[in-house]
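Notes follow the structure.
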Amino acid sequence: MNQPTKVVYLGSLPFDQTEQQVLEVARSVGPVVDFKLFFDQETGKPKGYAYVEYQDLETAASAVRNLNNYTMGNRNIKCSYSGRLSIEDSIAESGDGIKLPPLPLGIDLIGTSDPTELTFKVVETLEYNKLLSVLKEARSMAKTSPLAMKKLLDENPQLAYALVHAGNLTRKMSPEDINAVLDKPVANGVQNAAAKEFASLPVQAQEQIRAVCALTQNQIEQLQPAEKNMIIQLKEKYSNVVNNI
DNA sequence: GTTGAGCGTT
């Protein structure tokens with residue numbers, strides 16, 4: 001992985017996009033301090049890459065997260081910190097080799113005092129059917145590639161938080177369901193038993209437990225008191241299991 | 001007429 005800098009490299013840009021159009025995409029993650037789009041000096045043809053300087057590291061990090069693989073025209077553009085390593089090298093160097101699908105463009109958090117509460121509000125604006133399809137997709141991913149699901153949730157606790165609330169709003173993970181799982185006795189302090197029990201649970205229950213374990217302490221604090229206690233118990237019981245898969 | 005990987009046109 002390249003060293004974080006305020007400057008990011010944008011590559012694989014469509015040749016037919018104007019400087020203004022590329023700049024507009026760059027600005028969608030935050031204010032742009034400096035911007036350079038490169039052309040061949042002799043032919044005047046675009047080289048298909050650009051550099052964007054943001055005002056701070058946070059905005060640049062957001063660009064790397066949100067703009068890499070962003071679809072512009074008919075191409076998936078590349079976005080990484082400025083440096084010599086290729087995108088492929090960065091992925092290979094980042095360890096486990098698990099590649100995650102791109103997430104949709106994030107929303108601007110500048111000036112937000114409570115990002116967790118904002119996540120909750122965004123989830124609430126979704127229609128019931130949309131919530132169901134999001135849960136269904138998460139379940140499917142948990143089933144076909146549990147390691148990728150674990151990585152996705154570890155790296156994006158806001159997604160775990162959103163999934164827990166989606167589970168609540170659609171009554172797919174009611175407090176009663178959580179209690180039912182907790183009521184199953186497990187041999188005292190024996191991780192193996194918890195692991196076996198986890199493996200025997202329905203896939204959707206496993207997926208929800210993974211989501212719960214990915215919640216940060218701050219996010220748990222935001223929950224309703226009733227579910228908060230259950231979430232804490234769930235996390236205590238299963239976090240070692242989930243983290244050792 | 002021509003491009004698709006590119007990490008800084010001085």
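Here is how names work: the chains are called A, B, and so on, in the same order as the sequence lines, proteins then strands, and each is numbered from 1.
Note: CD (A/E42) to P (B/dT2) measures 17 Å, nearest angstrom. Between the CG atom of A/D16 and the C1' atom of B/dT3 there is a distance of 12 Å, rounded to whole Å. One atom, CZ of A/F38, and another, P of B/dA5, lie 21 Å apart when rounded to the nearest Å. One atom, OH of A/Y49, and another, P of B/dC7, lie 7 Å apart when rounded to the nearest Å. A/D40 has its CG atom 14 Å from the C1' atom of B/dG4, to the nearest Å. Between A/L10 atom CG and B/dA5 atom C1' there is a gap of 16 Å when expressed in whole angstrom units. Distance A/I77 CD1 to B/dG4 C1': 15 Å, rounded to the nearest Å. Atom pair A/L13:CG and B/dC7:C1' shows a separation of 12 Å (rounding to whole Å applied).
For the salt bridge (charged side-chain N to carboxylate O under 4.0 Å, His left out) condition, the pairs that include at least one residue of residues 29-53 of chain A, sequence neighbours left out, are A/D34-A/K36.
Mapping A/K45 and A/L37 onto DNA chain B by nearest heavy atom places A/K45 closer to the 5' end of the strand. Across the interface with DNA chain B, nearest-nucleotide mapping of A/P14 and A/V7 shows A/P14 to be the residue nearer the 5′ end.
By the criterion of side-chain heavy atoms lying less than 4.5 angstrom apart, applied directly or through intervening Ile, Leu, Val, Met, Phe, Trp or Tyr residues, A/V29 is grouped together with A/M72 in one hydrophobic cluster.
Taking only side-chain atoms of A/S80, from C-beta outward, the nucleotide of B/dC7, B/dG6, B/dG4 with the closest atom is B/dC7. Comparing B/dC7, B/dG4, B/dG6 against the side chain of A/Y51 picks out B/dC7 as the nearest.
The shortest distance between side-chain heavy atoms of A/I220 and A/K228 falls below 4.5 Å. At least one side-chain heavy atom of A/V25 sits less than 4.5 Å from a side-chain heavy atom of A/Y70.
Centre separation under 5.5 Å together with a plane angle under 30° holds for the ring of A/F15 and the six-membered base ring of B/dG4, marking them as stacked.
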